[in-house]
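These notes are about the structure you will find just below.
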Amino acid sequence: MAKIFCVANQKGGVGKTTTCVNLAAALQQAGQRTLLIDLDPQGNATMGSGIDKRALKSSVYHLLVGLTALAGVRVTSPTGGYDVLPANRDLAGAEVELVNLEQREKRLRNALAAFMDDYDFILIDCPPSLSMLTLNGLCCATGVIIPMQCEYYALEGLSDLVNTIKKVHANLNQDLKIIGLLRVMFDPRVTLQQQVSAQLESHFGDKVFRAIVPRNVRLAEAPSHGMPGVIFDKSSKGAQAYMAFAQEMIERAKLF
């Protein structure tokens with residue numbers, strides 16, 4: 001039975017897609033059957049997995065509005081080896097169309113139900129907003145992984161996200177919980193980042209992952225090659241951090 005994790009943060013540019021793509025590839029390399037769901041109309045996780053979003057015949061949009069079953073959307077990343085439910089600009093239209101559909105917040109959950117035994121991990125890359133797409137992700141997830149930079153504004157946004165997760169837990173998905181906070185784009189030379197990191201550990205305790213992803217050029221270069229960073233340059237510090245994070249996720253998943 002698959003464990004489903006949303007990678008979410010209402011703040012943009014915090015490494016959600018980079019985390020999704022590299023965690024999916026690292027889990028696959030660790031022998032875990034992995035599915036990555038791209039719920040962002042920008043389709044960056046799709047492109048970062050080596051899949052051309054412009055050439056898609058069907059996408060996660062068709063799945064959500066009921067035009068295609070999951071098997072007709074699923075493709076395998078040619079560079080990462082994990083399965084992907086890809087996205088493109090069509091997905092932006094789902095926001096409007098879902099409003100009038102039955103069980104609109106649970107369309108993704110219902111679509112995944114018959115395929116839960118196919119995977120060990122299902123990762124969902126959510127858009128940087130509390131939209132109907134994000135709600136679909138949160139409603140079917142076991143838990144939320146929050147990537148965040150160790151900066152002041154990130155702390156401000158974190159409190160909003162925690163409140164959102166509490167509301168979804170209370171009203172739509174009682175299984176939903178915060179799995180952990182992942183510190184990304186970390187530069188130990190910056191005093192403020194060290195201070196924010198210490199505050200996170202003090203306030204959230206073991207909810208903060210031990211793995212810390214440094215600011216890393218090779219991770220930033222990898223998407224232009226349509227490859228996860230852990231495949232593009234295994235020896236880079238960023239790739240090694242995501243491999244360590246994957247092992248930590250495998251450990252934590254046993255608790256759920």
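- Between Cys126 and Leu133 the shortest side-chain heavy-atom distance does not fall below 4.5 Å.
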- Task: Please lay out, stage by stage, how Asp83 and Thr76 fare under the test side-chain hydrogen bond (donor to acceptor under 3.5 Å, both in side chains).
- Result: CA-CA 4 Å; Asp83 285 350; Thr76 300; 2.9 Å; yes

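- Looking only at distances, a side-chain donor or acceptor of Ser58 sits under 3.5 Å from a matching main-chain atom of Gly72.
- The two residues Pro128 and Lys16 come nearest to each other via the heavy atoms CB-NZ, 3.6 Å.
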- Any chance you could lay out the salt bridge (charged side-chain N to carboxylate O under 4.0 Å, His left out) test for Asp90 and Lys53, step after step, and finish with the verdict? CA-CA 10 Å; Asp90 290 347; Lys53 65 183 180 183; over 6 Å; no

Pair up each side-chain donor or acceptor in residues 204-215 with any protein partner under 3.5 Å, not counting sequence neighbours, and list the distances.
unit_1	atom_1	unit_2	atom_2	d
Lys207	NZ	Ile178	O	2.6
Arg210	NH2	Glu251	OE1	3.4

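- Residues Leu181 and Leu158 are in side-chain contact: their nearest non-hydrogen atoms beyond the backbone lie under 4.5 Å apart.
- Hydrophobic clustering keeps Val21 apart from Met47 (ILVMFWY residues linked when any side-chain heavy atoms are closer than 4.5 Å, directly or through intermediates).
- Between Cys20 and Leu36 the shortest heavy-atom distance is CB-CD1, 3.8 Å.
- For the pair Met243 and Gln29, the minimum side-chain heavy-atom distance is below 4.5 Å.
- Considering CD1 of Ile122 and CE of Met1, their distance stands at 10.0 Å, rounded to 0.5 Å.
- Between Arg54 and Asn88 there is no side-chain heavy-atom pair separated by less than 4.5 Å.
- Residues Thr18 and Asn22 share a closest heavy-atom pair of O-ND2, 2.8 Å.
- Under the side-chain hydrogen bond (donor to acceptor under 3.5 Å, both in side chains) criterion, Thr164 pairs with Gln10, not counting sequence neighbours.
- Contact record, Tyr82 with Thr34: CB-O, 3.5 Å, taken as the closest heavy-atom pair.
- At least one donor-acceptor pair closer than 3.5 Å links the side chain of Ser77 to the backbone N or O of Ser49.
- The CG atom of Leu98 sits 9.5 Å away from the OG atom of Ser131 when rounded to the nearest 0.5 Å.
- If you chain together hydrophobic residues whose side chains sit under 4.5 Å apart, Ile250 and Leu23 fall into the same group.
- Ion pairing between a basic and an acidic side chain is recognised when a charged N comes within 4.0 Å of a carboxylate O; Arg104 and Glu97 show no such pairing.
- Within the 3.5 Å criterion, the main-chain N or O of Phe121 finds no donor-acceptor partner in the side chain of Gln32.
- For Lys177, the NZ atom is densely surrounded, since the number of other residues' heavy atoms within 6.0 Å is greater than 12.
- Side-chain contact between Ile146 and Leu182 is absent, with no heavy atoms from C-beta onward closer than 4.5 Å.
- In this structure, CG in Leu192 is found 11.0 Å from OG in Ser197, a value given to the nearest 0.5 Å.
- Val99 and Leu108 sit in two unconnected hydrophobic clusters of ILVMFWY residues. Membership requires side-chain heavy atoms under 4.5 Å apart, directly or through other members.
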With a cut-off of 3.5 Å and sequence neighbours excluded, list every side-chain donor-acceptor pair involving residues 216-230.
unit_1	atom_1	unit_2	atom_2	d
Asn216	OD1	Arg218	N	3.3
Asn216	OD1	Leu219	N	3.1
Arg218	NE	Asp233	OD2	2.8
Arg218	NH1	Glu221	OE1	2.7
Ser224	OG	Glu221	O	2.7

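- Residues Phe232 and Tyr242 are members of one and the same hydrophobic cluster, defined by side-chain heavy-atom contacts under 4.5 angstrom among Ile, Leu, Val, Met, Phe, Trp and Tyr.
- In this structure, CD on Glu102 lies 10.5 Å from CG on Asn110, to the nearest 0.5 angstrom.
- Cluster annotation: Phe5 and Phe245 are assigned to the same hydrophobic cluster (Ile/Leu/Val/Met/Phe/Trp/Tyr, side-chain heavy-atom contacts under 4.5 Å, transitive).
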- Task: Could you give me the CA-CA distance, side-chain angles and deciding distance for Arg109 and Asn136, then say whether side-chain contact (heavy atoms from CB on, under 4.5 Å) is met?
- Result: CA-CA 7 Å; Arg109 181 176 186 167; Asn136 263 271; over 6 Å; no

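- Interatomic distance, Asp125 CG to Thr134 OG1, rounded to the nearest 0.5 Å: 9.5 Å.
- Judged by distance alone, with hydrogens and angles left aside, the side-chain atoms of His62 form a donor-acceptor pair with the main-chain N or O of Ser59 at under 3.5 Å.
- Residue pairs that meet the salt bridge (Lys or Arg N to Asp or Glu O under 4.0 Å) test with at least one member in residues 128-154, sequence neighbours left out, do not exist here.
- When the salt bridge (charged side-chain N to carboxylate O under 4.0 Å, His left out) test is applied to Asp187, the partners found at least two apart in sequence or on another chain are Arg189.
- Listed for the His169 side chain is a donor-acceptor partner under 3.5 Å among the backbone atoms of Leu176.
- Asn9 places a side-chain N or O within donor-acceptor distance of the main-chain N or O of Pro147, the cut-off being under 3.5 Å.
- When Ile4, Val84, Leu112 are each tested for a side-chain contact (heavy atoms from CB on, under 4.5 Å) with Leu35, only one passes: Leu112.
- For the salt bridge (Lys or Arg N to Asp or Glu O under 4.0 Å) condition, the pairs that include at least one residue of residues 31-45, sequence neighbours left out, are Arg33-Asp120.
- From Ile145, atom CD1 reaches atom SG of Cys6 across 9.0 Å, with rounding to the nearest 0.5 Å.
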- Leu123 vs Lys3, side-chain contact (heavy atoms from CB on, under 4.5 Å): CA-CA, chis, key distance, verdict: CA-CA 9 Å; Leu123 305 176; Lys3 300 290 193 304; over 6 Å; no

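- Using a 4.5 Å heavy-atom threshold, the side chains of Leu56 and Ile51 count as touching.
- Of all heavy-atom pairs spanning Ile231 and Ala25, the tightest one is CG1-CB, 4.4 Å.
- What you find for Ile124 and Leu39 is that their closest heavy atoms are CG2-CD1, 3.5 Å.
- When each of Leu85, Thr68, Ile37 is tested with Leu63 by the rule side-chain contact (heavy atoms from CB on, under 4.5 Å), just one qualifies, namely Leu85.
- Of the options Gln149, Glu201, Gln193, a side chain to side chain donor-acceptor pair (under 3.5 Å) to Arg183 is made by Glu201 and by none of the others.
- Checked by atom type and distance alone, the side chain of Ser202 never pairs as donor or acceptor with a backbone atom of Ala198 at under 3.5 Å.
- At least one donor-acceptor pair closer than 3.5 Å links the side chain of Thr46 to the backbone N or O of Ala87.
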